Amino acid sequence: MSRWNWICALALAAAPHLAGQAPPQGGAGRAAAGQRRNFLISRPVPDPAAVERGQRLFVAQCGFCHGPRANGGESGPDLIRSVLALRDENGELIGPVIRKGNPEKGMPPFPMTDAQIADIAAFLRSRQQAAINRNAYTIQNVVTGDAAKGQAYFNGAGRCHTCHSPEGDLKGIARKYEPVALQARFLYPETRAFGPEGRRNARPRRMPVTVTLPSGQTVSGTLEYLDDFNVALRDPSGEYRSWNRDGGLQVEVRDPLAGHQELLPHYTDADIHNVLAYLVTLK
Amino acid sequence: MTFRRLLNSVSLCAAAAALAAQGLDPAKLLQPPRDTWPTYNGDYSGRRYSPLTRINASNVKALTLAWVYRANTGPGASGGFGGPQIKSTPLVVNGVLYFTVPDHAWALDARTGRELWHYRWESKGGIHIGNRGVGMYRDWLYFETPDNFLVSLNARDGSERWRVEIADVKQEYFSTPAPIVIRNRLIVGVGGDSLDVPGYLESRDPETGQLQWRWNTTPRPGEPGAETWPNKTAMEHGGGMTWLPGAYDPELNLIYWPTGNPNPVMAGQGRKGDNLWTCSIVALNLDTGKLVWYFQASPHDTHDWDATQTPVLIDGEFRGQPRKMLAQASRNGYYFLLDRTNGKNLVSVPYIDINWSKGVDSRGQPIPDPAKEPKTDGVLVVPASGGATNWPPPSFNPETGLFYVNTTTSYSIFYLTDTDPRPEGYGGRDTNLWSASALKAIDYQTGKVRWTHPYSGRGFSNSGLLSTAGKLLFGGDPSGNFIAFDPATGRVLWHSRLGAPVSNGPMTYELDGRQYLVVGAGDTLFAFTVL
């Protein structure tokens, strides 16, 4: 096993909740998906217990100058992007600085044990990795709009009510999706929103298609494949059928999400936030 | 002299003669590529236009498979996530083809695809997202590794000659570019956008790897451009990677390099200002590395739209006058045409519908709409962070006067996730909602789209493009088809489904009167020819 794979495996082992998010598929696919989500992190993920101990120690002893998040404060520099802290593996570089201090820059010595310094190093590594791993960033509050205006848009300019209703298909929608996923999915329901919920609910849409053969015969079914040269469908009996598109074949795809697509160029950001504020009321 | 010693000196002479016959004279790079493809873009113009005509519009339907080579990175491979992806454009010199994936380089017989050697590098970390290929100088090859070593190999056997470290992997640099050889200079870029490191471009000695000059993509305090950053920390953590190879004008002795986006990527509150020279096209003196002019494609970018798309040098007419120009279809959705002697803007026109710009300023630079910067509750932006196009190389055909580019129209919600006055890393993220891809042919003088070929398949194309004097344009669609188009009209002339989407820029060369067309799709190289 190369060092790279080893690191990926280690990152996975240290973050079992990530491994659990993999879609249900074969073992190889699962490993690939795990690697894909962790490809940003190429150094070992520190022990969470050490990170927690290190954080407590850091906030109490270092946070006053370097900030509780270690990204710098009134008098101490940012340590997340510090070259010394990045080159450090387990406290061997930051340890001497902590113990000796830097009197010229106003940093007093801190008499810490090796174990404490290793914990500080683990905390700093976790802060670095939190900044590096953009796929794990947390989205803040997205429910900022006006529900009444959102309802008006739903029944007015957006024409959402022509396909959807709060008593019908959208009943309880706010219990089904967190607001971040709901925002992405009302804009385009096929979106793979962030997090386990987004992945679980990402289903490829089923698009009805009718193929008209040169003879005039028509075959309808669910679209399986379409490019500039070929089309394939699954007919109502479950049979897979495919054709070359040359030779006068006509392909008519009815995209059930066409309405969502057509709205995208027309939303204002206020429309989006208002509609979301309305949808989160549908509990 | 013993017989053995005589034999030895005869072999030495033979080796010396072979040495003279083999290898790549840098002067060869100044000529249009025929029996070679000696640098990433084929030549210094970045046009990816081949003068070859043996494969042409009249016989393209007879294209047949010459050979296939599968890049087997071996057990425990570190070729990339999801299997190795060939994003490099192969070089061909003296009948040998050289290509890479991260951590790996190969030499193949360009006539048969037979492997001559395979070099493996063991990276100590670094993101393995892609590698654009090798540079070549005489008998030596150069490639960059995910952990930021510049490695020189003996082209004959793949043995390592030397290695020098060009960036620090622990600071989250990772290097993807193909080095470019110009005369006795090796132009080397760096990458890495995870943790706010500053970008630079270097010239190194192809014999030793020693530094000749370094140009920083962000200024240091007191230098010109510093006024476009709020403070020292911001500019020293300002990003601006040199992900992709640039172009060179030997008459002006200028190199043209495109630069990456600023850091933190999506959180701009800690770097108010235009953030020079990120998201820019810069002209540097080849010998000194000094900035001669710049044009900023995305002032104060907050959408990950680097401007590292290939700068394409065009010698032709502009409004009836001959002019030396530079064109770029930039990731932010704008097509730019510049006078490459002085950087003066001639054309700035969006080539897809965009919603983030309030037009252009007096220099032709787009004015970003602050309302479309990432927000905590999300803003809807066209295009998504992946851009209207990305790194795959475009092509310019001097016969049609058209600039070809694979494009994506995409909608995305951009979120600001780090609201700290001193954000770090990306500081935000975007959710892709919907996208559609199309091949577009742009009139180089006006920026108007002359024809569009929308792809029926879903997703986006990572395929580069190649046009030839055989009145052909080659590229890949999102569905895995490799397609020959009529460059004048966009009509499809031929296609083959390769099993994976085209993942690099197609290239071509002629050996023994036979023209080969080589394209990478996933982990496999395909060579086509007409018998």
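Letters go in sequence order (proteins before strands), and every chain restarts at 1. Quick caveat: nothing in here was measured; it's all calculated off a predicted structure.
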Taking all non-hydrogen atoms of both residues, which atom of [X] and which atom of [Y] are closest, and how far apart?
X: A:S42; Y: B:G126; value: OG-N, 3.3 Å
X: A:Q183; Y: B:G378; value: NE2-CA, 4.4 Å
X: A:R245; Y: B:S456; value: NH1-OG, 3.4 Å
X: B:I129; Y: A:F39; value: CD1-CE1, 4.2 Å
X: A:V142; Y: B:T376; value: CG1-O, 3.9 Å

Do the side chains of [X] and [Y] get close enough for a salt bridge, i.e. N-O under 4.0 angstrom?
X: A:D78; Y: B:R422; answer: no
X: A:R43; Y: B:E172; answer: no
X: B:K372; Y: A:D269; answer: yes
X: B:R458; Y: A:E190; answer: yes

Which atoms of [X] are under 4.5 Å from chain B, going by heavy atoms: the side chain, the backbone, both sets, or neither?
X: A:Q129; result: neither
X: A:A270; result: neither
X: A:D228; result: both
X: A:P265; result: both

Quick one: what part of [X] sits under 4.5 Å from any heavy atom of chain A, side chain, backbone, both or neither?
X: B:P478; answer: neither
X: B:Y411; answer: side chain
X: B:A371; answer: backbone
X: B:S412; answer: neither
X: B:N481; answer: side chain
X: B:D193; answer: side chain
X: B:V492; answer: side chain

Around atom [atom1] of [X], are there more than 12 heavy atoms of other residues, nucleotides or ligands at under 6.0 Å?
X: B:F460; atom1: CZ; value: no
X: A:Y225; atom1: OH; value: yes
X: A:R254; atom1: CZ; value: yes

Among A:T268, A:V83, A:I272, A:V143, the residue with the most heavy-atom pairs under 4.5 Å to chain B is A:V83
Ranked by heavy-atom pairs below 4.5 Å to chain B, first place among A:N230, A:V251, A:L264, A:L257 goes to A:L264
Report the distance from atom [atom1] of [X] to atom [atom2] of [Y], rounding to the nearest 0.5 Å.
X: A:N133; Y: B:L195; atom1: CG; atom2: CG; result: 12.0 Å
X: A:L86; Y: B:Q171; atom1: CG; atom2: CD; result: 6.5 Å
X: A:R134; Y: B:D430; atom1: CZ; atom2: CG; result: 10.0 Å
X: A:Q140; Y: B:D377; atom1: CD; atom2: CG; result: 10.0 Å
X: B:N263; Y: A:R81; atom1: CG; atom2: CZ; result: 8.5 Å

Hits for salt bridge (charged side-chain N to carboxylate O under 4.0 Å, His left out) against B:D369, two or more places apart or cross-chain, chain-then-number order -> none
Applying salt bridge (charged side-chain N to carboxylate O under 4.0 Å, His left out), can you list everything that pairs with B:K375, at least two apart in sequence or on another chain?
none
Decide side chain to side chain contact (heavy atoms under 4.5 Å, CB included) for B:M266 and A:Y137; before the verdict, give the C-alpha distance in whole Å, the side-chain angles of both, and the deciding distance to 0.1 Å.
CA-CA 12 Å; B:M266 293 183 185; A:Y137 290 174; over 6 Å; no
When you check the side-chain N and O atoms of A:D227 and B:S479, is any donor under 3.5 Å from an acceptor?
no
Side chains of B:T417 and A:T138: does their closest heavy-atom pair fall under 4.5 Å?
no
Max heavy-atom pairs within cutoff under 4.5 Å with chain A, candidates B:D477, B:D353, B:T419, goes to B:T419
Check the pair A:L187, B:I413 against side chain to side chain contact (heavy atoms under 4.5 Å, CB included), reporting the backbone distance first and the verdict last.
CA-CA 9 Å; A:L187 286 169; B:I413 322 173; 3.5 Å; yes
